[in-house]
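Single-structure report; data block below.
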Protein chains: 2
Amino acid sequence: MKKYNIPVEAALEVIGGKWKVVILCHLIKDKRRTGELKRLMPGITQKMLTQQLRELEEDGVILREVYNQVPPRVEYSLTEYGWSLKGILDSLCAWGEQHIEKTYPNKEEVLIQTEELEQV
Amino acid sequence: MKKYNIPVEAALEVIGGKWKVVILCHLIKDKRRTGELKRLMPGITQKMLTQQLRELEEDGVILREVYNQVPPRVEYSLTEYGWSLKGILDSLCAWGEQHIEKTYPNKEEVLIQTEELEQV
DNA sequence: TAATGTAGGCACTAAAAAGTAACAAATGAA
DNA sequence: TTCATTTGTTACTTTTTAGTGCCTACATTA
């Protein structure tokens, strides 16, 4: 059984790493298909995406729904437990925004513009 | 210049990684000397501790104060900017606690008891 | 018949993060 | 004189994390 020195380490085990918070921030806005997530996160590879999604699913914060179609359709969404992270995710997003503004006064240089067609 | 797809990535760059949130959670309670931090985080090595502290300092969230003594005395504390992370750190700690309770009903097995002499 | 689209597996390689161990510096104490 | 103390550095090695390329499945469409 995993041992922690302080409780916050348990939270980091669930949402730590390079991608999980980003994935969750997308899923907090809407449920998403695998391909949508990939487009929303241009830097991630299929392998990493699947891997991170599996771990989030195991930890009970996201739900994976498979529709029996061809070609396959898989949708990811937050579970009720996942929604308990909303406060953290929101403040992280807000802090990131103001940190960018503080660090790079002309913020348009820093944010990569992605045309999120699905979001229109 | 670093580019982000979404602003939250900027936050992760500052507090991401295995140790930074833990360090900040300790500093939110009190200013700490290097050795105290090391004792509070039994898993960390001197190298990682220094490295993470340097990065946090560069990002402006902690302050490093050197007292001209022998043997040396160095104290770390949150800067005002660092305090803007308090909300995030608090909710992360709280979420971690309840996650442990949910996952391991007898939580005493999971938390390593450290006698934090400095805290008495 | 052959290409398309979607989600994902697997083996292998590359890169990043973290750990190890030895060393430094300066003063007071044994 | 030699050791302990405290913080930190550096070179090197190991471990972890991430990336690449290739493969599958199968109904639909061209």
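Just so you know, these numbers use all the heavy atoms, side chains as well, and skip hydrogens, waters and symmetry mates. Lettering of chains follows the sequences in order, A, B, ..., and the numbering in each one begins at 1.
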Quiz item: Can a side chain N or O of T34(B) be found less than 4.0 Å away from OP1 or OP2 on dT6(D)?
Solution: no

Practice problem: Starting at atom CE of M48(A), determine the distance to atom P of dG19(D), rounded to an integer number of angstrom. | Solution: 6 Å

Quiz prompt | Between P of dG19(D) and CE of M41(A), the distance in whole Å | solution = 12 Å

Quiz item: Whole Å only: how far is the CD atom of E75(B) from the P atom of dT6(D)?
Solution: 14 Å

Practice problem: Specify the separation, in whole Å, of atom CD1 of I44(B) and atom P of dG19(C). | Solution: 8 Å

Self-check item: Contact nearer the 5' end of DNA chain C, comparing R64(A) with K47(A)
Solution: R64(A)

Quiz item: Quick one: does T79(A)'s side chain have a donor or acceptor within less than 3.5 Å of a partner on V61(A)'s backbone?
Solution: yes

Self-check item: Under-4.0 Å side-chain N/O to phosphate OP1/OP2 contact, Y76(B) with dG8(D)
Solution: yes

Quiz item: Counting only side-chain N and O atoms of R54(A), is one of them less than 4.0 Å from OP1 or OP2 of dG8(C)?
Solution: yes

Self-check item: Nucleotide nearest V70(A) (side chain, heavy atoms from C-beta), chosen from dG5(C), dT6(D), dG19(D)
Solution: dG5(C)

Quiz prompt | N/O (side chain, R33(A)) to phosphate O (OP1/OP2, dT6(C)) under 4.0 Å | solution = no

Quiz prompt | From CD1 (I15(B)) to CG (L89(B)), nearest 0.5 Å | solution = 6.5 Å

Exercise. Return the value, rounded to whole Å, for the distance between atom CD of E57(B) and atom C1' of dT7(D).
Key: 14 Å

Quiz item: Given that Q52(A) and P71(A) both sit by DNA chain D, which one's nearest nucleotide is further toward the 5' end?
Solution: Q52(A)

Quiz item: Are E57(A) and Y76(A) linked by a side-chain donor-acceptor pair shorter than 3.5 Å?
Solution: no

Quiz item: dT16(D) C1' sits how many Å from W19(A) CH2, rounded?
Solution: 17 Å

Exercise. May I ask you to say what Q46(B) touches in the nucleic acid, namely base, sugar-phosphate or nothing, with a heavy-atom cut-off under 4.0 Å?
Key: base

Self-check item: For atom CD of Q51(A) and atom P of dC10(C), their distance in whole Å
Solution: 12 Å

Quiz item: Under 4.0 Å between a Lys/Arg side-chain N and an Asp/Glu carboxylate O for E75(B) and R32(B)?
Solution: no

Quiz item: Rounded to whole angstrom units, what separation is found between the CG atom of L12(A) and the P atom of dA18(C)?
Solution: 12 Å

Exercise. Flag the pair R73(A) and E65(A) as a salt bridge only when some basic side-chain nitrogen lies within less than 4.0 angstrom of an acidic carboxylate oxygen.
Key: no

